[in-house]
Amino acid sequence: MTTKLHPALIAFTALVFVFLIGPLIIVVGAALSDTTYLTFPPQGLSLRWFENIFAISAFRRTILTSLQIAFLSTFIALLIGIPAAYALNRYRIQLPGWLSTLFVLPILVPELVLGFSLLKNVAVQFNAPIYLSLVVGHSLLVLPYVVRVISASLASFDFSIEEAAISLGSPPLKTFFTILLPNVRSGVIAAFILSFITSINDVSISIFLTGPGISTLPIQILAHMEQFFDPTVASVSVLLMALTVAVMAIVERTLGLTFLAK
Amino acid sequence: MKRFAGWSLASPATLAVVIFLVLPVVATIITTFLTPAGPLAPYIGFFGSGFRRTVLWRTIQVSLITTVIALFIGFITAYVVSRSPGWLKSILIIAAVFPLLTGVVVRSFAWMIILGKNGILNGMLVGTGIIGEPMTMLYTQGAVIVAMVYLFVPLMVLTLVGVLESIPDDLIQASASLGAKPMATFTQVILPLAVPGLIVGAVLVFTGSFTAYATPQLLGGESQMVMGTLMYQQAMVTFDWVSASTIAAIMVVITIAIVLLMTRMAKRLNPMAV
């Protein structure tokens, strides 16, 4: 038997979910409108604003850049984050306690401050290329997710399995790929997806690090909105939502969606 | 040997965070104390300016109101979600995760369509005759708060569902069978047990609102400048990097102070901790 809920609470919750999902449905409607201005409900159905995204070279370019940056920074974060998470769990006693706090810092420090500091003290100081700065900024942005999610899945890993493999003569790297990695597979997938989505959607770091010629999609959307308030932005938004749906479908297939609520 | 293995595995990530986060951010803060005008000049300048004080105060106000509303909405919603049957719970969690994974630009943009002069809300209000002329809703403090609440409610719900789920049904039923009215069960059993979760949620929402950029920029514009948008404007429009660094330092100090204060409070108020 579960606790009975008061009808007023149920009605309130229903309204909250209308509030949460409604605006996104409105964006989809606005994207499909045939008009040159933003309106809802859509007047006449058309996909012309989706075609318009790809007609504007700045959108084509930034979509590509955003995807590249998201893949690269996620890959880098996994590359350095997985060993770090492993060390934090396996050698907990040998390593100082502040180390795990260090990896939470990118969440604790406001993104805007990180973006500005990277621009001022790294990009400008060392004349770093824009693309490189973006990759560095985004890798740092997503690193905490990788360390945290992998750590969580390592917490239930029995390290004696690994020791058994090593004592039976398995070389360390082989042990890593055949014993450890398969056991934290779901953690790696979750970390990858969280990182990828976080990078694709980032504004606060990218706004400082993008520059002439190289920009990311959210920054290009902001720039476009300053000049035009047409349904193009709505259709780009729909593309981004489609990406989110795809990502959620992957999570659902591999881990089950309740995973995200943890 | 083990110590060496641990360090060597953790070192790439450690170095990355130290070199590209700790050092640059510390450098940004240190430069505000090394200006030719004297060590505290940028701060005297900041707090001496009526405009900047207004911006700081507005940011605190917007963040506090957003946090309180998000706590209220999030708590009730999370409670209902946590007590829903399995299939419905999954659907509701999906419905909360989806906006969370959708970017901040898209979610703010949705509210621009709704609140604009020719937007949906004005259209509906004029259409039904409630108001005669379209109202100015965009670029007001209310618009920023509504969009921020929209931004953070999913985060609050997902943070609290886990906490509320861990409160056993038995406990609530025991309270009821011992004669407590639903309201008493709520205030004396559920609420105290949820306090640590509420504090975590409040910290996430407050610090998130306090350092937000895209939402106040799109829905508040110049007239509703907050710390984040002011910092961007100082850094990238007027190129006053000392001023931008000062704002950055104030944001870091306030963020970290709130996180430390609230985590300490969460520990003290946790009824499960003995």
Side-chain angles (χ1 to χ4, degrees), chain A residues 2-3 5 9-10 12-13 16-17 20-21 23-24 26-27 30 38 40 80-81 83-84 86-88 91 94-95 99 102-103 105-106 108-114 116-118 120-122 136 140 143 197 201 203-204 207-208 218 221-222 233 237 240-241 244 247-248 257-258 260-262, chain B residues 2-3 5-7 9-10 12-14 16-17 20-22 24-25 27-28 73 76-77 80 83 90 92-99 101-106 109-111 113-114 120 150 153-154 158 161-162 169 172-173 182 211 213-214 228 231-232 235 241 244 248 251-252 255-256 259:
Chain A
T2 51
T3 319
L5 292 166
L9 289 180
I10 296 175
F12 181 85
T13 305
V16 171
F17 279 97
L20 287 181
I21 299 300
L24 298 176
I26 288 170
V27 172
L38 278 161
F40 184 89
I80 63 175
Y86 175 84
L88 284 177
Y91 304 106
Q94 286 84 13
L95 293 173
L99 200 60
L102 186 79
F103 295 119
L105 275 183
L108 205 61
V109 172
E111 277 178 46
L112 278 177
V113 174
L114 175 57
F116 173 62
S117 300
L118 277 174
K120 180 171 174 277
N121 300 320
V122 179
V136 169
L140 277 179
L143 184 64
I197 281 283
N201 286 328
V203 173
S204 294
I207 193 113
F208 287 104
I221 295 177
L222 290 179
V233 171
S237 303
L240 281 168
M241 282 190 247
T244 310
V247 158
M248 287 177 77
L257 265 175
T258 41
L260 288 172
K262 279 170 196 159
Chain B
K2 271 190 164 177
R3 198 189 168 96
W7 269 116
L9 286 170
T14 308
V17 175
F20 294 113
L21 186 132
V22 178
V25 170
T28 297
I73 297 179
I76 295 179
T77 309
V80 174
R83 305 287 137 178
S90 318
L92 293 178
I93 286 177
I94 292 172
V97 168
F98 183 68
L101 293 181
T102 306
V104 52
V105 171
V106 174
F109 169 69
W111 284 97
I113 308 179
I114 297 172
I120 298 159
Y150 181 67
V153 161
L158 292 173
V161 164
D169 262 341
I172 297 167
Q173 276 152 26
T211 61
Y213 170 75
M231 182 190 156
Y232 178 78
W241 281 14
M251 286 209 293
V252 170
T255 307
I256 292 180
V259 171

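Just so it is clear: chains get the letters A, B, ... in the order the sequence lines come, proteins before strands, and each one is counted from 1.
Expressed to the nearest 0.5 Å, how far OG1 of B/T28 lies from NZ of A/K120 amounts to 4.5 Å. For the atom pair OG1 of A/T244 and CZ of B/F98, the computed distance is 5.5 Å after rounding to the nearest 0.5 Å.
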Trace of the side chain to side chain contact (heavy atoms under 4.5 Å, CB included) decision for A/Q94 with B/W7: CA-CA 9 Å; A/Q94 286 84 13; B/W7 269 116; over 6 Å; no
Verdict with supporting geometry, A/L102 and B/L21, side chain to side chain contact (heavy atoms under 4.5 Å, CB included): CA-CA 10 Å; A/L102 186 79; B/L21 186 132; over 6 Å; no
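For A/F116 and B/Y232, the distance between ring centers is not under 6.0 angstrom.
Heavy-atom distances place both the backbone and the side chain of A/L24 under 4.5 Å from chain B. In this structure, the portions of B/I73 lying under 4.5 Å from any heavy atom of chain A include both its backbone and its side chain. For A/V233, the parts sitting under 4.5 Å from any heavy atom of chain B are the backbone and the side chain alike. Interface residue A/L112: backbone and side-chain heavy atoms are both found under 4.5 Å from chain B. With a 4.5 angstrom heavy-atom cutoff, B/T255 touches chain A only via side-chain atoms. Looking at A/L240, the atoms closer than 4.5 Å to chain B (heavy atoms on both sides) all sit in the side chain, from C-beta outward. For A/I221, the part lying under 4.5 angstrom from a heavy atom of chain B is the side chain only. Looking at A/I207, the atoms closer than 4.5 Å to chain B (heavy atoms on both sides) sit in the backbone and in the side chain alike. For A/L9, the parts lying under 4.5 angstrom from a heavy atom of chain B are both the backbone and the side chain. Using a 4.5 Å cut-off between heavy atoms, A/L20 contacts chain B through both its backbone and its side chain. Of the two parts of B/V80, the backbone and the side chain both hold a non-hydrogen atom closer than 4.5 Å to a non-hydrogen atom of chain A.
Of all the listed residues (B/P24, B/G103, B/A27), the one sharing the greatest number of non-hydrogen pairs under 4.5 Å with chain A is B/P24. Listed options B/A214, B/A16, B/A95 were ranked by heavy-atom pairs under 4.5 angstrom with chain A; first place goes to B/A95. The greatest number of non-hydrogen atom pairs below 4.5 Å with chain B, out of A/V16, A/L105, A/L143, is found for A/V16. Ranked by non-hydrogen atom pairs under 4.5 Å with chain A, the options B/T14, B/V252, B/V104 are led by B/T14. Interface check for chain B: of the options A/I10, A/L88, A/V27, the most heavy-atom pairs under 4.5 Å are formed by A/V27. Comparing B/A110, B/A13, B/P99 by heavy-atom pairs within less than 4.5 Å of chain A, the highest count is held by B/A13. Chosen from A/N121, A/L118, A/V247, the residue pairing most often with chain B at heavy-atom distances under 4.5 Å is A/N121. Of the listed residues (A/A30, A/A84, A/S117, A/A87), the greatest number of heavy-atom pairs within a distance under 4.5 Å of chain B belongs to A/S117.
What you find for B/I76 and A/T13 is that their closest heavy atoms are O-OG1, 4.2 Å. Annotation for A/F208 and B/M231: closest pair CZ-CE, 4.1 Å, computed over non-hydrogen atoms. Between A/S237 and B/F109, the shortest heavy-atom distance links the atoms OG-CD2, 3.8 Å. The nearest pair of heavy atoms linking B/Y213 to A/S204 is CB-OG, 4.1 Å.
Under the 4.5 Å side-chain criterion, counting only non-hydrogen atoms from C-beta, B/V105 is not in contact with A/N201. Under the 4.5 Å side-chain criterion, counting only non-hydrogen atoms from C-beta, A/F17 is in contact with B/T77.
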